[in-house]
Amino acid sequence: MNNSKTTMSLIAGSILGLSLILPNIANAIPVTYKVGSGSASGFSGSWLHAATNEMRDSGFFANGSAIRMNGSLTIDRDNLQNTSGSITGSGDFGIGSSDWTVSINSASSGQSRFFWGERDVLSLDYQLTSSNGHTSQGNFFFADRDFNGGSSDNGPNYVNDNIMYLWGNNWLNERGADDRAYFIRENEGVALGLDLYGVSVPEPGILALLATGLIAVGFTRRRRS
C-alpha cells in the first residue's frame with residue numbers, strides 16, 4: 001500500500017511539474033500547423049485561387065478558379081522571420097494546370113495598413129513555383145479583421161496555438177479593390193487569394209519532454225518495487 005501511494009504521489013508530482021513547465025515551453029517554441037481542408041462560418045480552406053470576385057467592398061476577393069492546398073506552416077511568434085512552410089496543390093486556378101508549390105520564407109505582422117484602417121494580423125513572404133516552369137514571389141496579406149462577424153469559431157482572420165484561419169491576397173490593398181488593378185498593371189502580377197486552415201501538431205520537443213517524464217516515473221517505480 002505504501003509503495004502504491006508513493007508511486008501515485010510521484011506520478012502526480014511529475015504531472016504537476018510538466019503542467020508548470022509546458023506552458024512556458026509552448027510560448028517559447030514555434031507552432032506548426034497542418035494545412036488542409038477546414039471551414040468556419042463564411043469561410044473554407046485551404047485554397048489557392050484567382051482573385052476575381054470582391055466580397056462586400058472588403059478589398060478581398062473570393063474564389064474564382066481554385067485548387068485545394070495541403071502542407072504545413074510553422075509560425076515562430078517570437079521571431080516571425082523564422083516562419084516557414086510548404087503548401088502544395090495540383091490543378092488550374094487561372095495560370096495553367098500544373099503541380100503548384102507555395103513556399104513560405106518569412107512573415108511579419110502589424111506593418112501593412114488596409115483601406116478600412118486595420119493592420120495585418122500576418123503577412124507571409126512566398127515563392128510560387130510550378131512543375132511547368134512558372135515562378136513568382138511576393139507577399140500574402142491577412143488583415144486583422146474578423147470576416148465572419150464574431151462567430152464563436154473565431155473565423156478568419158484568426159491564429160492561436162491550436163488553430164489557424166487565414167483569408168488574404170497578394171497585394172497591399174490600402175485603397176481596397178483599386179490596388180488590385182494597380183498591382184496587376186504595375187507589377188505584371190497575377191492577383192491571387194490564399195485561404196488557409198490549419199490545426200497545430202505537437203512539437204517534437206514537447207513529445208520528448210512528456211516521454212522523459214513518463215520514463216522517469218516508470219524507472220522510479222521499478223526501483224521501489
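It should be emphasised that the depicted structure is a prediction, and the values quoted were computed from it without experimental measurement.
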Could you pull out all donor-acceptor pairs under 3.5 Å where a side-chain atom in residues 134-143 meets a protein atom, sequence neighbours excluded?
| residue | atom | partner | partner atom | Å |
| --- | --- | --- | --- | --- |
| H134 | NE2 | S136 | OG | 3.3 |
| N139 | ND2 | D125 | OD1 | 2.3 |

Test of understanding: with side chain to side chain donor-acceptor pair (under 3.5 Å), list the residues that count as partners of S106, not counting sequence neighbours. none
Atom pair CD1 (I75) and CG (L80), whose distance is rounded to the nearest 0.5 Å: 8.0 Å
When every non-hydrogen atom of S86 is compared with those of T101, the smallest separation belongs to OG-CG2, 3.7 Å
Let me confirm one number: the CZ-CG distance from R175 to L172, rounded to the nearest 0.5 Å. 9.0 Å
Check whether F114 forms a cation-pi arrangement with R145 (NZ or CZ under 6.0 Å from the six-membered ring centre, at most 45° off the ring normal). no
So do the side chains of N105 and Q127 get within less than 4.5 Å of each other, counting heavy atoms only? yes
Taking only residues two or more places apart in sequence or in another chain, which ones pass salt bridge (Lys or Arg N to Asp or Glu O under 4.0 Å) with R180? none
Taking everything shown except Y182 itself, do over 12 heavy atoms lie less than 6.0 Å from its OH? no
When clusters are formed by joining ILVMFWY residues with side-chain heavy atoms under 4.5 Å apart, either directly or through shared neighbours, do L166 and V31 land in the same one? yes
For residues 90-117, which residue pairs pass the salt bridge (charged side-chain N to carboxylate O under 4.0 Å, His left out) check, not counting sequence neighbours? none
Could you verify whether a donor N or O on one side chain and an acceptor N or O on the other, from S131 and S98, lie under 3.5 Å apart? yes
Between F43 and D195, the two heavy atoms sitting closest are CE1-CB, 4.0 Å
Contact between W100 and I87 at the side-chain level, heavy atoms closer than 4.5 Å - yes or no? no
Please examine the side chains of L124 and L73, heavy atoms only from C-beta on, and report whether any two atoms are closer than 4.5 Å. yes
Just how far is it from atom CG of L128 to atom CG of N170, taken to the nearest 0.5 Å? 9.0 Å
With R119 via salt bridge (Lys or Arg N to Asp or Glu O under 4.0 Å) - residues at least two apart: none
Least distance between heavy atoms, W47 atom then G45 atom: CD1-CA, 3.7 Å
Apart from W171 itself, members of its ILVMFWY cluster (side-chain separation under 4.5 Å) are F61, F183, I184
Heavy-atom closest contact (T32 atom, S72 atom, distance): CG2-CB, 4.3 Å
